[in-house]
Peer 1: 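Sending over a structure as structure tokens; questions will come in a sec.
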Amino acid sequence: MPERWVWYGGRLSVDFVNTRRDRFKGGRELLVRPGDLAEWLAAAGVTPEEVTVDEALLVQARELREAVDAGYRSAVAGEAFPAAAARTINEWLARLAEHPPRLDVGDDGEAVFRTDTAPPDARQALCRIAADAATLLGAADTRARLRICDGHNCSGRFVDKSVGRRRRWCSMAICGNRAKAAQHRRTAARSTP
């Protein structure tokens with residue numbers, strides 16, 4: 001089976017946004033059926049293998065994904081954060097109050113901050129995605145690291161964690177190599193008599 005999901009985003013919420021591929025070419029939806037969302041959540045490690053997702057939750061998940069992406073695009077472009085996107089993300093964040101984070105003390109006496117105290121269901125997994133997006137978008141340093149791949153027609157979203165903050169491609173092995181090969185062909189064509 002070809003790899004269906006991409007994991008180069010660097011954060012849970014960015015990988016979730018990347019479930020809509022090829023946005024520059026009109027988009028290719030990977031979350032078509034409720035089972036697709038359940039599969040992605042399990043592959044991302046935020047739910048167990050068997051979670052229930054219905055059509056209504058799938059629609060809500062796509063709305064959350066597009067709100068997060070609207071926030072990412074505004075951050076990359078240096079534009080004002082869209083109010084509608086903030087409302088959608090905040091609706092999901094409000095649901096976290098049902099299962100607030102807490103500080104646990106383990107048997108060894110060490111304190112551990114837990115944000116995953118919610119039951120492992122798809123709705124709470126989407127709340128975690130919203131919280132990750134809010135954390136990423138709500139801090140100037142992380143917001144400044146958001147990128148959209150420079151690869152021809154790619155549109156993959158990622159967090160640039162490189163020291164120099166000069167990462168250009170979602171994946172060097174894919175878009176980076178394509179760009180370098182295209183540049184090599186252009187250079188070779190110009191130098192050929």
Peer 1: Which of these, R168, R143, R147, sits in a salt bridge (charged side-chain N to carboxylate O under 4.0 Å, His left out) with D160?
Peer 2: R147

Peer 1: What's the shortest heavy-atom distance between L126 and A61, and which atoms?
Peer 2: CD1-CB, 3.7 Å

Peer 1: State, to 0.1 Å, how close C175 and C170 come at their nearest heavy-atom pair, and which atoms those are.
Peer 2: SG-SG, 3.7 Å

Peer 1: Which residues pass the side-chain contact (heavy atoms from CB on, under 4.5 Å) test with T135, not counting sequence neighbours?
Peer 2: R11

Peer 1: Which atom pair, heavy atoms only, marks the closest approach of L103 to A111?
Peer 2: CD1-CB, 4.0 Å

Peer 1: For R165, which residues count as a salt bridge (Lys or Arg N to Asp or Glu O under 4.0 Å) partner, sequence neighbours excluded?
Peer 2: D141

Peer 1: Can you check whether L30's main-chain N or O pairs, donor with acceptor, with R4's side chain at less than 3.5 Å?
Peer 2: yes

Peer 1: Using modelled atom types and a 3.5 Å cut-off, is there a donor and acceptor pairing between side-chain atoms of D132 and backbone atoms of R128?
Peer 2: no

Peer 1: In terms of hydrophobic clusters joined by side-chain contacts under 4.5 Å, are V59 and W92 together?
Peer 2: no

Peer 1: Under 3.5 Å, side chain of T19 to main-chain N/O of D15, donor-acceptor pair present?
Peer 2: no

Peer 1: In the structure I gave you, are the side-chain heavy atoms of V76 and R157 within less than 4.5 Å of one another anywhere?
Peer 2: no

Peer 1: Once the angle between the rings of W40 and F16 is folded into 0 to 90°, is it parallel (under 30°), tilted (30 to 60°) or perpendicular (over 60°)?
Peer 2: tilted

Peer 1: Are the side chain of R62 and the backbone N or O of V32 linked by a donor-acceptor pair below 3.5 Å?
Peer 2: yes

Peer 1: What pair of heavy atoms forms the shortest contact from S13 to I129, and how long is it?
Peer 2: CB-O, 3.6 Å

Peer 1: Minimum heavy-atom separation for A122 to L41, with atom names?
Peer 2: CB-CD1, 3.7 Å

Peer 1: Any carboxylate oxygen within less than 4.0 angstrom of a Lys/Arg side-chain nitrogen, looking at E55 and R33?
Peer 2: no

Peer 1: Are R95 and Q124 close enough that a side-chain donor and a side-chain acceptor fall under 3.5 Å?
Peer 2: no

Peer 1: Tell me, please, whether F113 has R102 positioned over its six-membered ring: NZ or CZ under 6.0 Å from the ring centre and within 45 degrees of its axis?
Peer 2: no

Peer 1: Taking S162 for the side chain and R166 for the main chain, is one N or O donor matched with an acceptor at less than 3.5 Å?
Peer 2: yes

Peer 1: Looking at every heavy atom in both P82 and G71, which two are closest together, and how far apart are they?
Peer 2: CD-CA, 4.4 Å

